[in-house]
Amino acid sequence: MEINENAALVVVDVQKGFELDFWGRRNNPGAEENIAALIDVWQKTGRPVVFVRHDSVQPGSPLEPGTEGNGFKDFVEERRGKGAGPELLVTKSVNSAFYGEPDLDAWLKGAGVGQIVIVGIQTNMCNETTARMGGNLGYEVLFPLDAMHTFDLEGPFGWVQTAEELTRATAVSLHGGRFARVVATEDVVKGAGSAG
């Protein structure tokens, strides 16, 4: 797999608030390990890393600014600022990292970045929304499905989808709809390591 020399890794909402029972049952217990592996190879090869934090405007949210849940999980926080390449912190209060501060699209375009790799939490929410917008904005979007997770969810009409079902639906929609290429962490790591 070809990973551009300046491909940006976009690490979405890997925050402590997502560890709470509030969200329900999650999938992919290996997500954090894969996210860490990708951050490590990006930092080692000097590629740009974007850390995205959700600052919820909902009172009582587990991701509310000023609460412990708003902070990045330890394995992310301890890696911030350690890379050989450029790094950006984007804060947002909606699903898409492209609607945050500072302007992610402007930062990426200013650096000549055309390829982005999206990882983090949640697969079918902020990750999917960011991937769709990235595709619409003209980026080549890679979506390592095993470097993210989500939670079971109840929708309309009493419909319930498991985290696994939601993950599969996201993967099919993004890949089949050509918003993004759904890939595996191992292949991205290999591609990034060999080109860096």
Side-chain angles (χ1 to χ4, degrees), residues 1-20 23 25-55 62-63 68-92 97 100 104 107-108 113 115-131 134 139-151 163-164 166-167 170-171 174 180-196:
M1 179 176 302
E2 197 169 325
I3 304 298
N4 296 350
E5 288 285 345
N6 69 341
L9 181 67
V10 182
V11 183
V12 178
D13 301 353
V14 185
Q15 292 165 255
K16 293 180 179 178
F18 282 119
E19 295 170 348
L20 304 176
W23 305 96
R25 193 191 73 88
R26 66 170 272 186
N27 70 331
N28 192 17
E32 285 81 359
E33 186 180 335
N34 289 327
I35 294 166
L38 287 162
I39 295 172
D40 289 346
V41 77
W42 247 253
Q43 290 185 326
K44 183 179 165 196
T45 58
R47 289 182 173 91
V49 180
V50 178
F51 293 99
V52 182
R53 188 184 71 219
H54 193 85
D55 290 347
L63 305 176
E68 187 181 352
N70 181 255
F72 290 117
K73 292 189 182 194
D74 291 343
F75 81 94
V76 169
E77 187 58 44
E78 65 199 19
R79 284 171 167 82
R80 289 184 60 217
K82 304 281 172 59
E87 185 178 301
L88 180 70
L89 171 66
V90 171
T91 59
K92 64 181 181 61
L104 176 59
W107 189 81
L108 292 171
V113 172
Q115 185 184 57
I116 61 173
V117 179
I118 296 172
V119 301
I121 310 170
Q122 300 180 53
T123 309
N124 58 314
M125 299 288 185
C126 296
N127 294 7
E128 180 175 351
T129 306
T130 300
Y139 294 95
E140 180 190 356
V141 180
L142 299 179
F143 203 77
L145 204 61
D146 55 351
M148 56 188 74
H149 74 80
T150 191
F151 303 90
E164 292 79 9
L166 292 166
T167 295
T170 289
L174 289 179
R181 188 153 45 117
V182 176
V183 295
T185 296
E186 181 183 12
D187 294 329
V188 177
V189 168
K190 280 183 189 163
S194 63

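Atom CD1 in Ile121 sits 9.5 Å away from atom CH2 in Trp23 (nearest 0.5 Å). In this structure, the separation between CD1 on Ile116 and CZ on Phe143 is 10.5 Å, given to the nearest 0.5 Å. Distance CD1/Ile35 to CG/Asp40: 12.0 Å, rounded to 0.5 Å. A distance of 3.5 Å separates OG1 in Thr170 from CD in Glu128, rounded to the nearest 0.5 Å. Atom-to-atom distance recorded for Leu145:CG and Thr123:OG1 is 6.0 Å, nearest 0.5 angstrom. Of the inter-residue distances, the one linking Ile39 atom CD1 with Arg79 atom CZ reads 6.0 Å to the nearest 0.5 angstrom.
Shown here for Leu63 and Gly69, the closest heavy-atom pair between the two residues is CD2-O, 3.7 Å. Between Val90 and Gly100 the shortest heavy-atom distance is CG1-CA, 4.0 Å. In terms of heavy-atom proximity, Gly46 sits nearest to Pro86 at O-CD, 3.9 Å. The heavy-atom pair separating Leu174 from Ala131 by the smallest distance is CD1-CB, 4.0 Å. The heavy-atom pair separating Phe151 from Phe18 by the smallest distance is CZ-O, 3.5 Å. When all heavy atoms of Pro144 and Val188 are compared, the pair lying nearest together is CG-CG2, 4.3 Å.
One N or O on the side chain of Asn27 and one on the backbone of Thr150 form a donor-acceptor pair closer than 3.5 Å. Here the side chain of Gln115 pairs a donor or acceptor atom with the backbone of Glu2 at under 3.5 angstrom.
We find that Arg25 and Glu164 are joined by a salt bridge, their nearest charged nitrogen and carboxylate oxygen being less than 4.0 Å apart. Between Lys16 and Glu19, no side-chain nitrogen of the basic residue sits less than 4.0 Å from a carboxylate oxygen of the acidic one, so the salt-bridge criterion is not met. For the pair Lys82 and Glu87, the salt-bridge criterion is not met [side-chain N within less than 4.0 Å of a carboxylate O].
For Glu68, the CD atom sits in a loose shell: 12 or fewer heavy atoms of surrounding residues, nucleotides or ligands are nearer than 6.0 Å. Other residues, nucleotides and ligands place more than 12 heavy atoms under 6.0 Å from the NZ atom of Lys73.
For the pair Leu88 and Pro48, the minimum side-chain heavy-atom distance is 4.5 Å or more. At a threshold of 4.5 Å between non-hydrogen side-chain atoms, the residues Arg47 and Ile3 count as touching. When side chains are defined from C-beta on, Glu32 counts as touching His149, because their heavy atoms get closer than 4.5 Å. Under the 4.5 Å side-chain criterion, counting only non-hydrogen atoms from C-beta, Lys92 is in contact with His54. Residues Thr185 and Leu38 meet the side-chain proximity criterion, which asks for heavy atoms closer than 4.5 Å. Contact check for Val117 versus Trp42: side-chain heavy atoms found under the 4.5 Å cut-off.
At a cut-off of 3.5 Å, with distance as the only test, no side-chain donor of Asp146 or Asn28 sits close to an acceptor on the other residue.
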Practice prompt. Begin from the C-alpha positions of Asn34 and Val119 and carry the test side-chain contact (heavy atoms from CB on, under 4.5 Å) through to its verdict.
Written response: CA-CA 9 Å; Asn34 289 327; Val119 301; over 6 Å; no
Fill in: Test log, rule side-chain contact (heavy atoms from CB on, under 4.5 Å), inputs Ile118 and Val12
CA-CA 7 Å; Ile118 296 172; Val12 178; 4.1 Å; yes
Discussion item. side-chain contact (heavy atoms from CB on, under 4.5 Å) for Met1 and Leu142? Distances and angles first, verdict last.
Written reply: CA-CA 10 Å; Met1 179 176 302; Leu142 299 179; 4.2 Å; yes
Discussion item. Show, in sequence, the C-alpha distance, side-chain angles and deciding distance for Gln15 and Arg53, and conclude whether the side-chain contact (heavy atoms from CB on, under 4.5 Å) test is met.
Written reply: CA-CA 7 Å; Gln15 292 165 255; Arg53 188 184 71 219; 3.4 Å; yes
